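None of the values given here were measured: they were computed from a predicted structure. When a residue number appears, it is its place in the shown sequence, counting from 1. All values below were derived from every heavy atom in this structure, side-chain atoms included, with hydrogens, water molecules and symmetry-related copies excluded.
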Amino acid sequence: MISYVVTKTKVINEKYHRFLDRNFPRFYVLYTIFTKGLRMLWADAKKARRIKANMLKHNIKFHQLSYREMEHLRQFRRDVIKCLFLGIVSIPPFANYLVFLLMYLFPRQLLIRHFWTPKQQTDFLDIYHAVRKQSHPEILTCLERTIPVISDAGLRWHLTELCSKAQRGTQPAVNDILVLRECFSNHPLGMNHLQALQLKVLSRAMLLTPHLPPFLLRSRLKNHTTVIHQLDKALAKLGIGELTSQEVKSACYLRGLNSTHIAEDRCRTWLGEWLQISCSLKEAELSLLLHNVVLFSTNYTGTRHLSEPWSGWHCPTVM
């Protein structure tokens, strides 16, 4: 009896899908994306719950997880936060109709990646990168203004050279970045010494909202950079060769590189050099990793359209 009911339900469901596809093709596309998105979100929630349960059971901290587990929790947390607005708006009676309208009109701002079409995924990544790219000149200007304040003549010269390379469109080498570790661990570029303007432009570069008091901006940047540093250590342990193409591109995008149109091999090369820098830094030097999002990505030679757009990534969101 149960098998008969299940079979009949599947037949009716298939007929319903064919009816929508034939008579309302545009609506059917949205319906398919929405239902598929719900299934993916539910699967993400179950996986996140399993990871959390395992952490509690074995007393495991976030930084002790595997790379994929850390990345899943990081992305799922951001997805949930983005969904909170729609959840709050839909609480009043009949507000669900308004929610559906808002979702249709503002998919990038209100929906997570599971509910985007493949074209929207590529377009929205380009839009997000354009937002953070606008902050790059301001960040470089802030760096130039701090050069006279640096007491060590050698560090002043190296930072001047690095800023000049960035302005000339030259990609810096790994050693060009690492030689400045001391400069970014103390005054004036250490994380605890950054000025309000620097915190705001760096927040935009990290796709974090700049419209918060300086102490909150500093705290969020610290937390965000620390998570990336922990992810880098876990990824170095796993090995870049173990990542799929989508995982590589997602990892590059999170770290400031617009990987939507870059060939996979160039993404792997860039990510490998990024890890050399990140894994050489101590906690007190994480301001350099934060600035590296701009310094190491803005002039990468692979950032012109070298390959077809890709899908299946995890998209950071402005929060």
Side-chain angles (χ1 to χ4, degrees), residues 125-212 214 217-218 220-222 224-225 228-229 252-260 262 270-271 273-274 276-278 280-281 284-304 316 318:
L125 274 183
D126 286 339
I127 291 172
Y128 278 128
H129 185 70
V131 170
R132 60 188 183 185
K133 188 81 172 176
Q134 291 174 356
S135 66
H136 289 190
E138 292 180 80
I139 292 173
L140 292 174
T141 299
C142 288
L143 286 176
E144 287 183 316
R145 289 173 179 170
T146 62
I147 292 175
V149 184
I150 299 172
S151 57
D152 188 279
L155 291 177
R156 284 202 305 271
W157 184 86
H158 283 297
L159 186 56
T160 301
E161 280 295 297
L162 184 61
C163 291
S164 298
K165 282 187 176 182
Q167 292 172 342
R168 293 196 304 266
T170 304
Q171 174 70 6
V174 171
N175 289 334
D176 293 336
I177 303 292
L178 289 178
V179 74
L180 291 167
R181 281 181 294 184
E182 181 183 346
C183 185
F184 284 83
S185 61
N186 300 300
H187 180 78
L189 293 172
M191 191 73 79
N192 293 326
H193 300 280
L194 296 175
Q195 301 299 312
L197 176 60
Q198 292 171 293
L199 294 172
K200 287 180 181 293
V201 294
L202 285 167
S203 293
R204 289 204 300 270
M206 301 297 283
L207 292 176
L208 299 172
T209 178
H211 308 297
L212 291 172
L217 293 178
R218 193 185 315 276
R220 296 194 77 193
L221 285 171
K222 278 185 179 180
H224 197 73
T225 310
I228 291 179
H229 193 224
C252 290
Y253 195 93
L254 174 65
R255 290 155 179 80
L257 184 69
N258 186 14
S259 53
T260 51
I262 303 179
W270 184 90
L271 186 57
E273 293 178 349
W274 170 281
Q276 289 181 48
I277 297 172
S278 180
S280 299
L281 300 179
E285 301 166 340
L286 289 186
S287 177
L288 178 56
L289 189 66
L290 176 60
H291 285 81
N292 202 43
V293 170
V294 175
L295 296 172
F296 208 60
S297 66
T298 189
N299 293 322
Y300 186 58
T301 55
T303 53
R304 295 176 179 82
V318 179

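Listed for the S297 side chain is a donor-acceptor partner under 3.5 Å among the backbone atoms of G256. Side-chain atoms of T225 never come within 3.5 Å of backbone atoms of K222 as a donor-acceptor pair (strictly under, hydrogens ignored). Under the 3.5 Å distance criterion, the side-chain polar atoms of S287 are matched with a main-chain donor or acceptor of L189. Between the side chain of K165 and the backbone N or O of T170 there is no donor-acceptor pair closer than 3.5 Å. Here the side chain of R218 pairs no donor or acceptor atom with the backbone of Q195 at under 3.5 angstrom.
Of all heavy-atom pairs between R156 and S151, the closest is NH1-O, 3.1 Å. The two residues L207 and Y128 come nearest to each other via the heavy atoms CD2-O, 3.6 Å. Of all heavy-atom pairs spanning N299 and Q171, the tightest one is C-OE1, 3.4 Å. Across all non-hydrogen atoms, the minimal contact from L143 to L295 is CD1-CD2, 4.0 Å. The minimum heavy-atom distance linking K133 with P137 is given by the pair O-CD, 3.6 Å. In terms of heavy-atom proximity, S203 sits nearest to T209 at CB-O, 4.0 Å.
For E161, the CD atom sits in a packed shell: over 12 heavy atoms of surrounding residues, nucleotides or ligands are nearer than 6.0 Å.
Between C252 and I262, the closest side-chain pair of non-hydrogen atoms is not below 4.5 Å. Between L289 and E285, every side-chain heavy-atom pair lies at or beyond the 4.5 Å cut-off. In this structure, the side chains of W274 and I177 stay at 4.5 Å or more apart for every pair of heavy atoms. Two residues are said to be in side-chain contact when any heavy atoms from C-beta on lie closer than 4.5 Å; L178 and L281 meet this criterion.
Taking NE2 of H229 as the reference point, atom CG of L290 lies at 12.5 Å (rounded to 0.5 Å). Atom CD1 of residue I147 and atom SG of residue C183 lie 8.5 Å apart, to the nearest 0.5 angstrom. Here the CD1-CG distance, from I150 to L155, works out to 6.5 Å after rounding to the nearest 0.5 Å. Distance check, rounded to the nearest 0.5 Å: CD1 of I139 to CG of L202 gives 4.5 Å. From L199, atom CG reaches atom CG of L208 across 11.5 Å, with rounding to the nearest 0.5 Å. Between the CZ atom in R145 and the SG atom in C163 there is a gap of 12.0 Å [rounded to 0.5 Å].
Using cut-offs of 30° and 60° on the angle between ring planes, the pair H129 and H136 is perpendicular.
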Side chain to side chain contact (heavy atoms under 4.5 Å, CB included) for C142 and T146? Distances and angles first, verdict last. CA-CA 7 Å; C142 288; T146 62; 5.7 Å; no

Side chain to side chain contact (heavy atoms under 4.5 Å, CB included) for I228 and M206? Distances and angles first, verdict last. CA-CA 11 Å; I228 291 179; M206 301 297 283; 3.7 Å; yes

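Residues in residues 139-194 take part in these ring-ring contact (aromatic ring centres under 6.0 Å, His included) pairs, two or more places apart or across chains: F184-H291, H187-H193.
In this structure, R255 is not positioned above the aromatic face of Y300 in the sense of NZ or CZ being under 6.0 Å from the six-membered ring centre and within 45° of the axis.
E138 has a carboxylate O that lies under 4.0 Å from a charged side-chain N of R204, or vice versa, which qualifies the two as a salt bridge.
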